[in-house]
Trainee: 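Could you have a look at this structure, given as structure tokens, before my questions?
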Amino acid sequence: MNDLEYTAAQRRRELALKYFPQGMEYGMIALLDEVEQFLIKAYHAGQQAADKLSPQAWSNQTAAGYTIMAAEGAGFTEGQIQALVNRLHNRFDMVTQEEAAAHYRKSPY
């Protein structure tokens with residue numbers, strides 16, 4: 001059982017205790033089973049909508065790919081590109097995303 005299924009099942013038990021404290025008949029159980037499945041589907045729908053609206057996740061590989069394409073387009077040699085990528089990996093390790101963005105905003109480029 002994953003976290004979402006556990007949470008939905010937990011909510012289902014809370015609803016059962018709140019609305020049917022004297023116990024449940026078959027129809028009541030079926031209703032809560034359906035509510036539990038709707039909760040899971042609603043969560044998934046909301047998550048998919050949020051994923052479509054959110055900006056792309058940061059990826060060092062994506063940034064390196066852009067850098068390599070730009071260097072190739074500018075006519076860099078293979079050795080120059082390798083040196084650039086090595087330096088880029090070092091910067092990924094030593095500089096935060098916020099620091100890099102601030103550096104870019106202050107740069108003349």
Trainee: Quick one: list whatever passes side chain to side chain donor-acceptor pair (under 3.5 Å) with Glu14, sequence neighbours left out.
Mentor: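 Partners of Glu14 under the side chain to side chain donor-acceptor pair (under 3.5 Å) test: Arg11.
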Trainee: List in chain and number order the residues that pass side chain to side chain contact (heavy atoms under 4.5 Å, CB included) with Gln37, two or more places apart in sequence or in another chain; answer none if no residue qualifies.
Mentor: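 Residues passing side chain to side chain contact (heavy atoms under 4.5 Å, CB included) with Gln37: Ile40.
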Trainee: Which heavy-atom pair separates Tyr104 from Tyr109 by the least distance, and what is that distance?
Mentor: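 Heavy-atom minimum between the residues: OH-O, 4.1 Å.
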Trainee: With rounding to the nearest 0.5 angstrom, report the CD to CG distance, Gln10 to Asp3.
Mentor: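 If we round to the nearest 0.5 Å, Gln10:CD and Asp3:CG are 11.0 Å apart.
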Trainee: Is His44 atom NE2 crowded by more than 12 heavy atoms from other residues, nucleotides or ligands, each under 6.0 Å away?
Mentor: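 Above 12, so yes.
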Trainee: Could you list the donor-acceptor pairs under 3.5 angstrom formed between side-chain atoms of residues 69-89 and any protein atom two or more places apart in sequence or on another chain?
Mentor:
| residue | atom | partner | partner atom | Å |
| --- | --- | --- | --- | --- |
| Thr77 | OG1 | Gln80 | N | 3.0 |
| Thr77 | OG1 | Gln80 | OE1 | 3.3 |
| Gln80 | OE1 | Thr77 | N | 2.7 |
| Gln82 | NE2 | Asn86 | OD1 | 2.9 |
| Asn86 | ND2 | Gln82 | O | 3.4 |

Trainee: Minimum heavy-atom separation for Phe92 to Ala63, with atom names?
Mentor: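 Heavy atoms only, the tightest pair is CZ-CB, 3.8 Å.
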Trainee: Apart from Met94 itself, what residues make up its hydrophobic cluster when side-chain heavy atoms of I, L, V, M, F, W and Y under 4.5 Å apart count as a link, directly or indirectly?
Mentor: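 Result for Met94 is Val95.
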Trainee: Which residues pass the side chain to side chain donor-acceptor pair (under 3.5 Å) test with Glu99, sequence neighbours left out?
Mentor: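 Result, side chain to side chain donor-acceptor pair (under 3.5 Å) vs Glu99: Thr96.
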Trainee: Name each donor-acceptor pair under 3.5 Å that joins a side chain in residues 17-35 to protein atoms two or more places apart or in another chain, with its distance.
Mentor:
| residue | atom | partner | partner atom | Å |
| --- | --- | --- | --- | --- |
| Asp33 | OD1 | Arg12 | NE | 3.0 |
| Asp33 | OD1 | Arg12 | NH2 | 2.6 |

